[in-house]
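Atom set for the values below is all heavy atoms of this structure, side chains included, hydrogens, waters and symmetry mates excluded.
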Number of protein chains: 2
Amino acid sequence: MAKKKISESTIRRLSLYYRALSVLEKENHQTVSSKELAKREKLTPAQVRKDLSFFGSFGTRGLGYPVAELRNQVASILGINRLWKVALFGVGNIGSALVSYKEFARQGFRIVKLFDNDQRKIGSNHKGIIISDVRNMNKEIAEANVEIAVIAVPATVAQYIVDDVVDHGIKAILNFAPINLKVPDDVYLRNENMSMELEYLSFAMVNNHTQKRPKV
Amino acid sequence: MAKKKISESTIRRLSLYYRALSVLEKENHQTVSSKELAKREKLTPAQVRKDLSFFGSFGTRGLGYPVAELRNQVASILGINRLWKVALFGVGNIGSALVSYKEFARQGFRIVKLFDNDQRKIGSNHKGIIISDVRNMNKEIAEANVEIAVIAVPATVAQYIVDDVVDHGIKAILNFAPINLKVPDDVYLRNENMSMELEYLSFAMVNNHTQKRPKV
DNA sequence: CTCGGTTTGTGAACGTTTTCACATGTTTCC
DNA sequence: GGAAACATGTGAAAACGTTCACAAACCGAG
């Protein structure tokens, strides 16, 4: 594989393109220009073209990009043209919300396992999934072919859970706990820090921060 | 005001510093070096020093930074050394989770109003807050002195809600709907796109993407 | 089949952010 | 009180990401 260096920003923008293309397809557009695509996600046309050009030539000069086809291409680049099995740890406030979060399913992420350590929850059925005892993650993760773990447990126990999850061979983790988790180099870890954006708003307001286009 | 140009990344890292400093303070550390602070949030010491230097000289050579004091300074820079009143729109899966999300409260964001358009929810008490009819936002927002709106309604109606919210004078919006909202230039808008990070993981896995330190 | 209008793909220029490297200052220890 | 260790603050250099600008390619009309 070519292993060119793709920037994080580009990948994040690919998510936006994918979203916009899904809408365009639903709206029955056959083609779309970089200009229109840019407008829909508050980016610049040059940016759109440059991003896509890292992965190939998908457009036609004078015409634009074929919507349906480009959408498939982007899905394939992002790796979401398939099903990813996800295990969710911590069926609390955030965790329960994520189980029903339609957007995940729509993009091929299927939550197939729920884990908790609360005896009152274990064994009960939450939106069609039986909550398992986190201590049984060993065989259950393997049985279900889980590849991604979503961590929605309290910050105080997140590291322990992650250590276990890593021990059981999971290589991709999405963390909602407000803590910096340690994982080996070969494990992909992303953090979802919901207060960070609120803090950004707060900063902007108290500083009259003249905002550029948000960096995606 | 000096109006120096502070980058978005720097502000996002300030959130991380704040978090780390809170932990350090709880652990009774008097001072902390840029090295230690960097280690705790997977950054580099130079980055930490540079970021802080944009706002002043908070450290002592040979010693490091005074934990408690720096934490206050950072809070003050971020504008979270005060209470922000927040209204939440959409008491669905995500919305309900956010009401109980401790981290918001801990950083000075208090959800004081809940709005929905579902007659079955309106009037009911959700974690101590009565859910209001979204059509009454006019007087309720003003009465409660709300300054920040959190949007957790379905993507299909998000733009309508936001238009109203903006009409009623709100200048800061945190959006959880997976859609690109249009707001006037003087309104701060940030998006929380939870599937984006999952897509990043997916991309990384299918591409064996050699990951740098995630960009905050 | 040519012309005018479009729009891509992409090196090169530009701007921004990160990292480096070191002078400066503080503390600790003998 | 001097030396060694430590750690900040910051210009300058390097790396990185974005925008520019234009040649190349395609479309549709006449």
Side-chain angles (χ1 to χ4, degrees), chain A residues 2-14 16-17 21 24 29-67 69-70 73-74 77 209-216, chain B residues 2-14 16-17 20-21 24 29-67 69-70 73-74 77 200 209-216:
Chain A
K3 228 5 134 33
K4 354 167 199 192
K5 201 162 26 68
I6 302 297
S7 80
E8 176 167 337
S9 315
T10 293
I11 302 167
R12 295 172 65 87
R13 282 191 299 268
L14 286 180
L16 300 182
Y17 303 149
L21 288 163
L24 283 159
H29 290 77
Q30 298 302 302
T31 62
V32 64
S33 64
S34 57
K35 194 174 159 195
E36 171 67 17
L37 205 42
K39 191 178 134 222
R40 294 204 174 209
E41 295 294 343
K42 291 209 197 87
L43 302 166
T44 65
Q47 182 97 77
V48 172
R49 297 202 298 277
K50 177 68 82 173
D51 282 339
L52 294 176
S53 79
F54 291 136
F55 302 98
S57 291
F58 305 113
T60 308
R61 292 167 191 223
L63 232 200
Y65 300 91
V67 170
E69 190 186 318
L70 182 58
Q73 294 278 7
V74 173
I77 294 163
H209 192 244
T210 49
Q211 177 168 250
K212 297 183 317 181
R213 230 186 315 285
K215 254 280 204 42
V216 173
Chain B
K3 228 6 137 26
K4 356 167 195 191
K5 203 163 25 61
I6 302 296
S7 80
E8 176 167 338
S9 315
T10 293
I11 302 167
R12 295 171 64 86
R13 282 191 298 268
L14 285 181
L16 299 183
Y17 302 150
L21 288 163
L24 284 160
H29 290 75
Q30 298 302 303
T31 61
V32 64
S33 64
S34 58
K35 193 172 160 195
E36 172 67 17
L37 206 40
K39 191 178 136 222
R40 295 204 173 208
E41 295 295 341
K42 289 207 198 91
L43 302 165
T44 66
Q47 183 98 77
V48 171
R49 295 200 300 275
K50 179 66 85 171
D51 282 339
L52 294 176
S53 78
F54 291 136
F55 302 96
S57 291
F58 306 113
T60 306
R61 292 166 191 224
L63 231 199
Y65 300 92
V67 170
E69 191 187 317
L70 183 58
Q73 294 278 5
V74 173
I77 294 164
Y200 191 101
H209 192 245
T210 48
Q211 176 170 251
K212 296 181 317 179
R213 231 185 314 285
K215 251 277 205 43
V216 172

**Study point:** Residue A:S9, side-chain heavy atoms: nucleotide from D:dG9, D:dT18, C:dT19 that is nearest
**Key:** D:dT18

Check your understanding: Looking only at heavy atoms, what is the nearest atom pair of B:V74 and B:L14, with distance?
Key -> CG1-O, 3.6 Å

Review point. Using a cut-off of less than 4.0 Å, is there contact between a side-chain N or O of B:Q47 and OP1 or OP2 of C:dT19?
Key: yes

Practice item. Measure the distance from CZ on A:R49 to C1' on D:dG17 and round it to the nearest whole Å. Key: 16 Å

Check your understanding: What is the nucleic acid contact for B:T10, judged by heavy atoms within less than 4.0 Å: base, sugar-phosphate only, or nothing?
Key -> nothing

Study note, to complete from the structure: A:E36 atom CD is separated from C:dT6 atom C1', nearest whole Å, by 15 Å

Check your understanding: Taking only N and O in the side chain of A:S33, is any of them less than 4.0 Å away from OP1 or OP2 of C:dT7?
Key -> no

Exercise for review: Using heavy atoms to find the nearest nucleotide of DNA chain D for A:K50 and B:L63 separately, return the residue whose nucleotide is more 5′.
Suggested key: B:L63

**Study point:** Rounded distance in Å - CG (B:L52) to P (C:dT18)
**Key:** 13 Å

Practice item. Write down the distance between OH (A:Y65) and C1' (C:dT7), rounded to a whole number of angstrom. Key: 9 Å

Point to revise | Whole-Å gap separating P (D:dG17) and CD1 (A:I11) | key: 10 Å

**Study point:** B:L70 side chain reached by B:L52 side chain, heavy atoms, under 4.5 Å
**Key:** yes

Check your understanding: Does OP1 or OP2 of C:dT18 have a side-chain N or O of B:R13 closer than 4.0 Å?
Key -> yes

Check your understanding: In whole Å, what is the span from the CG atom of B:L37 to the P atom of D:dA7?
Key -> 13 Å

Practice item. Kindly indicate whether the side chain of A:L24, heavy atoms from C-beta on, has any atom under 4.5 Å from the side chain of A:R40. Key: yes

Check your understanding: Any side-chain heavy atom of B:L21 within less than 4.5 Å of one from B:Y65?
Key -> no

Check your understanding: When only distance counts, do a donor and an acceptor, one from the side chain of B:R61 and one from the base of C:dT26, lie under 3.5 Å apart?
Key -> no

Review point. Separation of B:D51 atom CG from D:dT8 atom P, in whole Å?
Key: 13 Å

Check your understanding: Would you say C:dT16 has OP1 or OP2 under 4.0 Å from some side-chain N or O of B:S7?
Key -> no

Practice item. For B:F54 and D:dT8, give me the distance from atom CZ to atom P, rounded to whole Å. Key: 16 Å

Study note, to complete from the structure: B:K5 has its side chain closest, among D:dA21, C:dC22, C:dT16, to C:dT16

Point to revise | Closest non-hydrogen atom pair, B:T31 against B:V67 | key: C-CG2, 3.6 Å

Review point. Closer than 4.0 Å, any side-chain N/O of B:T60 to the OP1 or OP2 of D:dT8?
Key: no

